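First the structure, in the form of structure tokens, and then the observations on it.
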Amino acid sequence: MKAAASGRAVQHLAARRGTRRCMVLALAGAFGAPAWALDDVPAAPAAVVVSEDDGAVLQRVVVTSEKRRDNVQSIASAVTVIGGDTVENSEVRNAGDIIRFVPNMTADTTDGHGRPKFYIRGIGLSDASVWNTNPIGTYLDDVYIWNASTVGFPLFDLERVEVLRGPQGTLWGKNTTGGAINFISRKPTFSNDGYVKASIGDKGSTLLEGAYGGALKDDVLAARVSLHREQADRYAQNSFVPGTEKWRDLGVRAQLLAKFSNTFDALLNLHYRDFNGPVLLSGTTAVPTQTRFNIPALVEPTDRLKQKGAALTLNKELPGGLSLTSVTGYEKFDRAQGSADSVTYESSRSRTVFAVDQLSQELRLASPKTGPLSWIAGAYFFDGKLDSSAQTGVLPGSRTAAGGNKTRSYNSTDYTLKSTSYALFGNADYKFSDKFDVALGVRETREKKEIDYRYRTAPAGVAYNNVAQWWLASSLNANLTTAAAQDASKTWSAFTYDITPAYQISDDVRAYFRYSKGFNGGSFNAGATTQSQVTTIQPEYLKSYELGVKSEWWQRRLQVNVAGFYYDYTDIQQKGTTLNPLNPSQQVLTFINARGGEVKGVDIEVALVPVKDLRLAVNVGLNHTEFTDFQDTLTHNAAGNWFNRVPRVIGNVQAEYKYRLASSGALVFNTDWGYRSKAYFNAVDQSSAFLTEKAYWLGNLSAGYVAPRQQYEVRLYVLNATDKVYRNTALITGLYSYGAPRTFGVSATYRF
């Protein structure tokens, strides 16, 4: 956790009322804004920045809410916060890009901006199917986003991004086993301010972004409107279909803050997103002529995602110093995808349409932090519905890779999945002395899942009456046979907890131990293609043991935070393989519970100001993951295998230097480099070179001019400066996708 926060993030911080630890922070990101960025920035009521030595020390950030005030170094938890300025100045435009600044965190994707799969300390979602629940919780302005296929939203006009490591749920929100990520937008204030940012780069990249806000009625009503519009050419083009294909992303956010009295306020957040892609085409080993930038295909893939959402946050101060917070959220997602095999002949087609509706309600009551005992109690409700319809077809005239005729076929998967969750949670912190305190958190969760599932197939050689609408069952000249079906409901309950004793060794050194238990609810296998694969996926559980030390040295020019952890992971929800009962020699993909696994590792975060105006930061994550019991087929146990998509070593290095000009303003130079050691894309097959990604470095550079008081700035940037070739993912089916190549451009920002 870094101690230098973004000046603008601090300026606009409105820390969540009543929380004791992680989610009230507005601290520095893994790199955050430089110390000098805080020059001339007035402290906001919700956050105080002590900046005695301009550019010469690491800035100490103190955050406060209703009668609660904490130095970030006193927080007994592993949390990293990326300031909004870091997001803006480092060209961090997509949710998955935040891994550049967070220790022991990775993300991969098969479709770029569409759906990054996050992993924290080895815990993550092993399969991107839309019906799976990620053990890493993702939030937009405190509202939990249920579906893992809808978290690739653009980042703009942010106050900060908070990343919490380890099980969560006793202080706020949804229960998760591996951690949580909260993307927090800048809130309206009663002072008029705004910005406009424009960027142009290679590969047809353009960006227009901006925000403006201020008082509609002094001290009573304020508003803020934010806009993001970005487009670029796809990295991989389709030379078989002439024309440059682009992806486009539009995001709009409008917020209204009403201050009814000195003790009661409300914030309404309305937002909309329209994404039209896809960002990337996936390659396949079946066509060796495909390249990183050219994937010729007969049929162009399509991807359209629309999101509408609203959140209402109410804060009320009660007698006795109590504070009551209510967060009501509604989100609706609609996504339609169409694709075909990435080949220049008719092979097979697929189409998926799904819609997600979710409603959540959270209530929190918090005591003042004036005596030795402080506490928070809350309740959480979630209701979500996922409707999905997907079809795959081999149409007339389809060919195999060898040039032979394919047998015409058709299958359809239709299901409705419902999820309802209720929870009560609480956390109490008691100070036994000025140096020693203990926090205890508890949560009782009750979750219910319902599914109405049907997988249907047509007879081999089926005739298509209407190829133009091949996905419709009415376009077939045959009746469909149900090969797998499930109409079921299941309810699970879990009691989870954490206990955290902490000791202040000296004024600058604090140690803590955290023991916690996490829970991720069960589900159903909405990918079953035979009745034998129809199953109920049980909940997974994680017991976490974490020992951490946070320290400052060298008169606040050096900060070192270290956390060691051990996870005992049971009933792991994992993608695996099983035997096809109709053909015992054939393996098919499915989703099951691996009985056990363990994770051991260390997070190390270091920030240093060796000389004035130079800031360095390093974070390193070391992991050892292992399945202890993973019966992936009837005859094979993958015990001893490494967790998939988890490198042993994850490192990030950042540097920023400001050269002050004698006349006015300054030149600024930034770079960040990330290292990922070897990782496996598959949890079962870890001997195939195709399913293994070798170690690699990725580096980013920027340089520019910043005017006095940061009124405007111009930056040149290069992402993936060495043009490193690496893969985001590879599947056992032979599909793969590359990470982004080198891109460069210039951006200009004006603040008012």
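All residue numbers in this chain count up from 1 along the given sequence. Since we're looking at a predicted model, the values are computed, not measured.
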- Using the side-chain contact (heavy atoms from CB on, under 4.5 Å) rule, take Gln307 and His271 through it: C-alpha gap first, then chi angles, then the decisive distance, then the call. CA-CA 8 Å; Gln307 173 187 356; His271 46 272; 3.8 Å; yes

- Item | Derivation of the salt bridge (Lys or Arg N to Asp or Glu O under 4.0 Å) call for Arg186 and Asp85 | CA-CA 11 Å; Arg186 288 178 179 139; Asp85 280 354; 3.2 Å; yes

- Message: Could you walk me through whether Tyr119 and Ile650 satisfy the side-chain contact (heavy atoms from CB on, under 4.5 Å) test, starting with their C-alpha distance in whole Å, then the side-chain angles of each, then the deciding distance to 0.1 Å, before giving a yes or no?
- Response: CA-CA 11 Å; Tyr119 300 82; Ile650 303 170; over 6 Å; no

- Item | Glu546/Arg121 under salt bridge (Lys or Arg N to Asp or Glu O under 4.0 Å): CA gap, chis, key distance, verdict | CA-CA 12 Å; Glu546 179 179 328; Arg121 290 177 170 176; 3.0 Å; yes

- Apply side-chain contact (heavy atoms from CB on, under 4.5 Å) to the pair Thr176 and Asn520, showing each step before the final yes or no. CA-CA 6 Å; Thr176 55; Asn520 190 25; 5.9 Å; no

- Task: Check step by step if salt bridge (Lys or Arg N to Asp or Glu O under 4.0 Å) holds for Arg165 and Asp603.
- Result: CA-CA 10 Å; Arg165 301 188 285 279; Asp603 301 335; 2.9 Å; yes

- Starting from the C-alpha separation in whole Å, work towards a yes-or-no answer on side-chain contact (heavy atoms from CB on, under 4.5 Å) for Ile123 and Tyr569. CA-CA 9 Å; Ile123 308 300; Tyr569 204 6; 3.4 Å; yes

- Item | Stepwise salt bridge (Lys or Arg N to Asp or Glu O under 4.0 Å) check, Glu447 with Lys174 | CA-CA 11 Å; Glu447 292 191 359; Lys174 187 75 165 57; 2.7 Å; yes

- Query: Should Arg93 and Ser199 be marked as a side chain to side chain donor-acceptor pair (under 3.5 Å) after you check the CA-CA gap, both sets of side-chain angles, and the distance that decides it?
  - Reply: CA-CA 12 Å; Arg93 300 181 183 179; Ser199 175; 3.0 Å; yes

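Rounded to the nearest 0.5 Å, atoms CD1 (Ile184) and CG (Asp142) are 6.0 Å apart. Rounded to the nearest 0.5 angstrom, Ile98 CD1 and Phe118 CZ are separated by 5.0 Å. Interatomic distance, CG of Asp571 versus OG1 of Thr177, reported as 11.5 Å (0.5 Å rounding). In this structure, the separation between OH on Tyr235 and OG on Ser737 is 12.0 Å, given to the nearest 0.5 Å. From Gln654, atom CD reaches atom CG of Asn619 across 6.0 Å, with rounding to the nearest 0.5 Å. For the atom pair CG (Leu616) and OG1 (Thr671), the distance works out to 11.0 Å, reported to the nearest 0.5 Å.
Cation-pi geometry between Arg645 and Phe681 is not met: the NZ or CZ atom fails to fall both under 6.0 Å from the ring centre and inside 45° of the normal. Figure legend: cation-pi geometry between Arg253 and Phe156, with NZ or CZ positioned under 6.0 Å from the six-membered ring centre and within 45° of its axis.
Checking side-chain atoms of Ser702 against main-chain N and O of Tyr717 turns up no donor-acceptor pair under 3.5 Å. Remark: the backbone N or O of Ala639 is not paired with any side-chain donor or acceptor of Gln631 at under 3.5 angstrom. Between the side chain of Asp685 and the main chain of Ser687, a donor-acceptor pair closer than 3.5 Å is present. Counting only distance, with no hydrogens or angles, the side chain of Gln168 and the backbone of Gly166 share a donor-acceptor pair below 3.5 Å. A distance-only check finds no donor-acceptor pair linking the side chain of Ser516 to the backbone of Asp498 [under 3.5 Å]. Of the possible donor and acceptor atoms, one in the side chain of Asn720 sits under 3.5 Å from a partner among the backbone N and O of Ala740. Within the 3.5 Å criterion, the main-chain N or O of Ile120 finds no donor-acceptor partner in the side chain of Asn104. A donor-acceptor distance shorter than 3.5 angstrom exists from the side chain of Ser551 to the backbone of Val560, with no hydrogens or angles considered. Although no hydrogens or angles enter the test, the distance criterion places a donor-acceptor pair under 3.5 Å between the side chain of Asn593 and the main chain of Gln538. Between the side chain of Ser126 and the main chain of Lys575, a donor-acceptor pair closer than 3.5 Å is present.
Between Phe183 and Phe153, the ring planes lie perpendicular to each other; the angle is over 60°, past the 30° to 60° tilted range. The aromatic rings of Tyr541 and Phe519 lie tilted to each other, with the angle between the two planes from 30° to 60°. Aromatic ring orientation, His624 versus Trp642: perpendicular (interplanar angle above 60°, classes split at 30° and 60°).
With sequence neighbours excluded, no residue forms a salt bridge (charged side-chain N to carboxylate O under 4.0 Å, His left out) with Glu540. Partners of Arg292 according to the salt bridge (charged side-chain N to carboxylate O under 4.0 Å, His left out) rule, which considers only residues two or more places apart in sequence or in another chain, are Asp723.
A centroid separation of less than 6.0 Å is found between the aromatic rings of Tyr738 and Tyr736. Between Phe643 and Phe627, a ring centre-to-centre spacing shorter than 6.0 Å is recorded. In this structure, Phe382 has its ring center closer than 6.0 angstrom to the ring center of Trp146. The ring of Trp172 has its center closer than 6.0 angstrom to the ring center of Tyr139.
Between Tyr566 and Glu598 the shortest side-chain heavy-atom distance falls below 4.5 Å. Using a 4.5 Å heavy-atom threshold, the side chains of Thr106 and Pro647 count as touching.
Nearest heavy atom pair, residue Asn728 against residue Gly739, reads ND2-CA, 3.4 Å. The shortest heavy-atom contact between Val102 and Ile82 is CG2-CD1, 3.9 Å.
No option in Phe565, Tyr567, Tyr515 other than Tyr515 meets the ring pair (Phe, Tyr, Trp, His ring centres under 6.0 Å) test with Tyr545.
Taking a 6.0 Å sphere around NZ of Lys543, one finds it holds 12 or fewer heavy atoms contributed by other residues, nucleotides or ligands. Counting non-hydrogen atoms of other residues, nucleotides and ligands closer than 6.0 Å to CZ of Phe690 gives a total above 12.
The pair Asp249-Arg273 counts as a salt bridge, with a side-chain nitrogen and a carboxylate oxygen less than 4.0 angstrom apart. A salt bridge links Lys197 with Glu91: the distance from a Lys NZ or Arg NE/NH1/NH2 to an Asp or Glu carboxylate oxygen falls below 4.0 Å. With respect to the salt-bridge test (charged N to carboxylate O, under 4.0 angstrom), the residues Glu656 and Arg615 do not qualify.
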